[in-house]
Each structure stands twice: as C-alpha cells, then as structure tokens.
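These numbers come from a predicted model, not from an experiment.
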Amino acid sequence: MAATSDPDARGINDGIGRLMAAERLRFARDNPKSAALAEETAKHWLHGVPLHWMSDWGTPFPHFIEAARGARMTDVDGHALIDFCLGDTGAMFGHAPEPVIRTLAAQATRGFTTMLPTADAARVGELLSERFGLPFWQVTSTASDANRAVLRWARGITGRAKVLVFNGCYHGAVEDSYVALEHGQPRNRPGLVGEVRDVTATSSVIEFNDVAALERALAAGDVACVLAEPVMTNCSMVLPEPGYHAALRALTRATGTLLVIDETHTISSGPAGYTGTHTLEPDFFVLGKPIAGGVPAAVYGWSAAVDQRLRAFLTDREPGYSGIGTTLSGSALQLALIRTVFEAVMTEAAYAKAMPQAERLEQKLAAAIVGAGLPWHMVRVGLRAEIVPSATRPRNGSEAGMIDHDGGLAALQVFALNRGVVITPFHGMLLVSPETSAADIDHAVSVLSDGMLAVKAALGA
C-alpha cells in the first residue's frame with residue numbers, strides 16, 4: 001500500500017478521497033520537521049526510508065520518530081503518539097522495557113557476537129522448551145530466516161520437494177510462500193520483485209478452512225510440510241473454523257507430512273502462543289519479532305520425533321555446507337535478550353495485565369462501528385485486535401482479498417495518526433501491550449469513533 005500523492009488515484013469514493021486529501025494536508029501542516037528530514041533522506045534512500053515499508057502509512061511524506069517508550073512514541077515535531085502498532089508486533093510488550101535496557105547495558109561490556117555459545121544458551125533452551133513444549137531449538141535473526149531453515153530441514157528429512165501454504169498467508173520474506181490462487185488456479189503472487197522462478201513448481205496453495213482441499217493437496221504424499229499461521233493475520237484476520245486445526249493435524253500425520261506452525265503474529269494469543277492456548281501439536285514451531293525486545297531475533301523448534309530423523313539425516317548426508325544459518329544468529333546479545341524477555345517481559349503476568357484492555361478495546365470499537373453505521377466489524381486474537389472494513393468475516397484468503405482496505409480504513413488511519421493514535425498500516429490492526437493504559441484505550445476509542453463518523457459522512461457524500 002504505497003503512499004500516493006493523489007487520493008483519487010486509488011479509485012476510491014470521491015468523499016473518501018476528499019477526506020484523505022484533507023488529512024494528508026493536515027499531516028503536512030503539522031509535521032514540518034518530518035517534511036524537512038524527508039527531503040534529506042530522499043537523496044539516499046528508496047522512498048526516503050531505510051525500509052521501503054516505512055513509506056506505506058498513507059502520509060504525504062515519511063513520519064520520523066524521535067523516541068519510543070512503553071506504549072508511546074514522540075515524533076521529531078514533538079507530538080506525543082499512543083502506539084497501537086508497536087512495530088507490527090516487534091515491540092508487543094512495549095518499547096524499551098526496563099529489563100531489556102538493563103540487559104543491553106550489561107551485555108555491552110561483554111561483547112555482542114562471537115560465533116560461539118554463551119552460558120545463556122542452556123537457560124534459553126530450557127525456557128523455550130518449557131514454554132512451547134518442543135525440546136530442540138535454533139536461533140536465527142528473523143522469523144523469515146527461521147521459516148526458510150525449517151523448510152530446508154523438512155525437505156531434507158522427508159525427501160519431498162513440495163511445500164503447502166494457504167492463500168493470503170504471511171510468513172515474512174519466504175519465497176516459497178509467495179504463491180496465490182487466482183480464479184482457483186495457483187500462480188506467483190502478483191507484484192513480486194525479481195522472482196525468476198515459477199514458485200508453484202514446488203509450492204502448492206489452497207484456501208484456509210477448506211478441509212477437502214487440504215485432503216486433496218496431501219493425498220499424493222509428496223508434500224514435505226504444511227507451513228501455516230494458526231490464524232491468518234496479514235490479509236485481514238481469518239480465524240480457523242471449529243475443527244480445522246484438528247483436521248490439519250490428523251491429515252498431515254496420516255500422509256507423513258510435517259506441520260509447521262508460524263506464531264510470529266499469533267503470539268498475541270497468550271504466553272505459549274496460539275499453539276499453547278489451543279493445544280496444537282506442531283512438528284516445527286517458528287517465532288520471531290518480539291522475543292528479544294525489539295532487537296532482531298527469532299527461534300524455531302522441533303519435536304523429539306523430528307529430531308531423530310534430523311540427526312539420522314545429518315549422519316548420512318553428503319559432507320559440506322548445510323546452507324542453513326547466518327553468522328550473526330545465536331549471538332551473545334540475542335541469547336541474553338531472549339532470556340530476559342522470557343524471564344521478565346513476556347510473562348503470564350504481562351498477558352494477564354494486557355488481555356482485559358484488549359477485550360475492552362475490541363468491545364468499545366465494535367460499539368463505535370455500530371454507532372457510526374459502518375458495514376465493518378471487529379475481530380481479536382488475544383492482544384491483537386483488528387478493524388475489518390467488511391460486514392462479514394472472511395473465512396479464507398480469497399474472501400479477505402476482496403475487502404477494500406484502501407478506502408475508508410486508509411483514511412481512518414491517517415485521521416487517527418493526526419490526532420495522536422497510531423494503528424498499523426496495510427490493515428487495521430491494533431496491538432495492546434502491558435504498557436497500554438485504560439486512558440490510552442479511551443482516547444483511541446474517542447479518536448477512532450470520530451474518525452468512523454467522518455468516514456461514514458464521506459461515504460455518503
């Protein structure tokens with residue numbers, strides 16, 4: 001969803017176009033220092049930002065941040081912002097938690113990376129095993145890296161080439177997941193940059209919640225693994241229907257297919273993620289984003305049964321570089337921070353504090369949607385709530401893909417930002433942290449309620 005200088009270029013309702021244009025003008029007026037910085041950064045960075053996603057907020061130029069702490073940010077123009085994006089989950093427990101600050105300071109005198117383990121490795125392995133129920137683990141720098149590694153291991157130990165994913169899925173920058181269904185036919189996802197392969201040669205794609213399609217896809221016994229979010233989270237939010245995960249687990253086991261659960265977003269569900277909350281039994285488990293307090297780190301784990309196969313495979317394989325791993329993975333800094341986060345930040349108490357606020361936010365925004373008379377709805381997975389601009393809940397990626405996020409919702413996002421409330425771009429996700437206060441919730445609801453009324457008026461214009 002790249003920013004555009006002309007709201008009408010989106011092909012949206014004229015009234016929404018005028019609302020968006022007015023909010024963009026207000027942003028430009030209120031953020032002169034960001035505007036000046038944008039002119040400087042445009043000389044050396046794509047779209048003026050170090051990661052091109054940072055320009056995808058619907059604003060006329062990038063929004064520059066001075067500092068972030070707890071559930072709040074301050075931009076370079078001095079505006080205080082209540083943050084419900086939280087780095088799109090990277091800062092899910094608040095920006096710069098005190099235990100993380102102390103660990104960073106202590107580790108600074110001991111070095112950050114040596115390509116050798118530290119004593120923290122033993123404790124981190126124990127914490128991960130206790131929390132998620134899988135005995136064996138590895139560290140990577142991102143969840144994308146973790147997913148890539150898991151796909152390699154799964155293909156290696158099964159001797160199968162294919163991977164099965166769900167239409168509309170999100171697994172970071174994993175090339176094997178960049179397949180989509182178009183009129184029921186698989187194809188490379190539209191818009192891929194520099195992808196020279198036909199990804200559908202080794203990746204199959206089906207709709208989420210379709211047990212019959214799952215059964216057909218696995219019947220030939222040639223799929224190494226199913227790579228799945230337990231809840232689809234990046235194409236809107238698509239909840240699993242009752243019994244779907246049980247069917248997914250039963251069919252993968254029956255066909256000798258490994259099951260990979262990617263919890264990078266659904267760790268919002270509780271201390272052990274959606275997997276622990278709903279007693280899933282994956283063969284591999286992937287988690288990234290918030291586990292090191294905002295510093296790049298991710299982990300992947302596997303079962304004892306997989307471990308036996310993996311070690312046998314390593315014993316018999318041709319000698320040489322595995323192709324799995326990167327130099328900065330498993331660093332002293334990562335291990336120290338993961339230990340701190342699991343022991344002192346990402347705790348049951350933290351979830352218990354934040355969960356009632358997330359429930360309250362969902363309820364109040366659902367009431368605001370009704371009050372505005374918009375054909376929208378709310379959905380929530382633990383601490384992760386989402387405004388969905390659709391009257392009905394999507395049950396798969398195709399239905400989610402038909403939802404218009406670039407109209408009223410995009411205008412609402414800029415409206416909220418101009419009034420000190422940050423919600424996630426691309427879709428209407430709001431993440432609640434233990435640092436989010438009741439007053440923060442009330443202010444956000446007030447701003448978003450006003451914004452929804454403005455959207456409703458614009459749609460009727």
Side-chain angles (χ1 to χ4, degrees), residues 147 150-151 153-155 157-172 174-189 198-266 269 273-275 277-286 300 302-303 305-306 309 379 381 392-402:
N147 278 319
V150 165
L151 297 188
W153 287 121
R155 284 169 164 151
I157 67 177
T158 64
R160 301 175 179 182
K162 286 189 176 181
V163 169
L164 179 64
V165 297
F166 296 100
N167 188 37
C169 65
Y170 176 74
H171 300 290
V174 178
E175 293 82 355
D176 297 85
S177 69
Y178 289 163
V179 289
L181 287 174
E182 189 173 274
H183 306 299
Q185 297 301 311
R187 59 162 291 185
N188 282 16
R189 277 195 181 181
D198 178 5
V199 183
T200 65
T202 52
S203 292
S204 299
V205 57
I206 62 172
E207 296 288 8
F208 197 62
N209 282 322
D210 189 337
V211 175
L214 177 65
E215 191 167 10
R216 288 193 299 271
L218 299 181
D222 59 351
V223 176
C225 66
V226 176
L227 176 58
E229 302 170 88
V231 175
M232 297 185 73
T233 60
N234 221 50
C235 58
S236 232
M237 203 183 294
V238 181
L239 301 176
E241 293 183 345
Y244 187 70
H245 275 294
L248 175 60
R249 182 66 280 192
L251 285 167
T252 49
R253 282 181 172 146
T255 56
T257 307
L258 299 172
L259 176 59
V260 185
I261 295 293
D262 180 355
E263 289 265 12
T264 300
H265 282 167
T266 53
S269 303
Y274 198 94
T275 293
T277 302
H278 296 274
T279 321
L280 308 185
E281 298 177 349
D283 299 298
F284 284 99
F285 177 98
V286 171
Y300 63 95
W302 61 90
S303 68
V306 166
R309 298 174 68 178
V379 62
V381 176
T392 58
R393 292 191 176 186
R395 65 183 299 273
N396 57 45
S398 287
E399 292 181 8
M402 295 174 68

Set of residues satisfying side-chain hydrogen bond (donor to acceptor under 3.5 Å, both in side chains) with respect to Arg309, sequence neighbours excluded: none
Just by distance, no angles: are the side chains of Ser398 and Asn167 close enough, under 3.5 Å, to form a donor-acceptor pair? yes
Sub-4.5 Å side-chain heavy-atom contact between Val205 and Thr200: no
Contacts of Thr277 meeting side-chain hydrogen bond (donor to acceptor under 3.5 Å, both in side chains) (sequence neighbours excluded), chain-then-number -> none
What's the spacing between Ser203 OG and Asp198 CG if we round to 0.5 Å? 9.5 Å
Decide yes or no on side chain to side chain contact (heavy atoms under 4.5 Å, CB included) for Thr233 and Thr266, but give the supporting numbers first. CA-CA 8 Å; Thr233 60; Thr266 53; 3.9 Å; yes
Where is the tightest heavy-atom contact between Cys225 and Leu151, given as atom of each residue plus distance? SG-CD2, 3.5 Å
Going through the checks in order, is the salt bridge (Lys or Arg N to Asp or Glu O under 4.0 Å) test met by Arg253 and Glu281? CA-CA 11 Å; Arg253 282 181 172 146; Glu281 298 177 349; 2.7 Å; yes
For residues Asn147 and Leu227, determine if any side-chain heavy atom of one lies less than 4.5 Å from a side-chain heavy atom of the other. yes
For the backbone of Leu239 and the side chain of Asn209, can you confirm whether one donor and one acceptor N or O come within less than 3.5 Å of each other? yes
Just to verify, which of Val211, Leu259, Val226, Thr257 counts as forming a side-chain contact (heavy atoms from CB on, under 4.5 Å) with Leu251? Val211
Given Asp210 and Asn396, is the side chain to side chain donor-acceptor pair (under 3.5 Å) satisfied, shown in steps? CA-CA 8 Å; Asp210 189 337; Asn396 57 45; over 6 Å; no
Please tell me if the side chains of Leu280 and Arg249 come closer than 4.5 Å, counting only heavy atoms from C-beta onward. no
How long is the straight-line distance from CZ of Phe285 back to CD of Glu263, given to the nearest 0.5 Å? 4.5 Å
Derivation of the side chain to side chain contact (heavy atoms under 4.5 Å, CB included) call for Met232 and Tyr170: CA-CA 7 Å; Met232 297 185 73; Tyr170 176 74; over 6 Å; no
Quick one: are Leu218 and Leu164 in side-chain contact, heavy atoms under 4.5 Å? yes
Name the orientation class of the two ring planes belonging to Trp302 and Phe284 (parallel below 30°, tilted from 30 to 60°, perpendicular beyond 60°). tilted
With a 3.5 Å cut-off and sequence neighbours excluded, list the donor-acceptor pairs that the side chains of residues 178-187 form with protein atoms.
| unit_1 | atom_1 | unit_2 | atom_2 | d |
| --- | --- | --- | --- | --- |
| Tyr178 | OH | Gly172 | O | 3.0 |
| Glu182 | OE1 | Arg187 | NH1 | 2.9 |

Rounded distance [0.5 Å steps], CD in Glu175 versus CZ in Arg189: 12.0 Å
Nearest 0.5 Å please: distance from the OG atom of Ser236 over to the CD atom of Glu399. 11.0 Å
Let me see the working for His278 and His245 under side chain to side chain contact (heavy atoms under 4.5 Å, CB included), right down to the final yes or no. CA-CA 9 Å; His278 296 274; His245 275 294; over 6 Å; no
What orientation do Phe166 and Tyr244 show, parallel under 30°, tilted 30 to 60°, or perpendicular over 60°? perpendicular
Taking atom types as modelled, find out whether His171 and Ser177 have a side-chain donor-acceptor pair closer than 3.5 angstrom. no
Quick one: CD1 on Ile206 to SG on Cys169, what's the gap to the nearest 0.5 Å? 11.0 Å
Answer yes if the side chains of Thr158 and Arg155 hold a donor-acceptor pair under 3.5 Å, and no otherwise. no
Whether Asp222 and Arg160 form a salt bridge (side-chain N of Lys/Arg under 4.0 Å from carboxylate O of Asp/Glu) is what I want to check. no
Closest non-hydrogen atoms of Phe208 and Glu229, given as atom of the first, atom of the second and distance, are CE1-O, 3.9 Å
Heavy-atom side-chain proximity of Asp283 to Val260 below 4.5 angstrom: no
What is the minimum heavy-atom distance between Pro394 and Val238, and which atoms define it? O-CG1, 3.6 Å
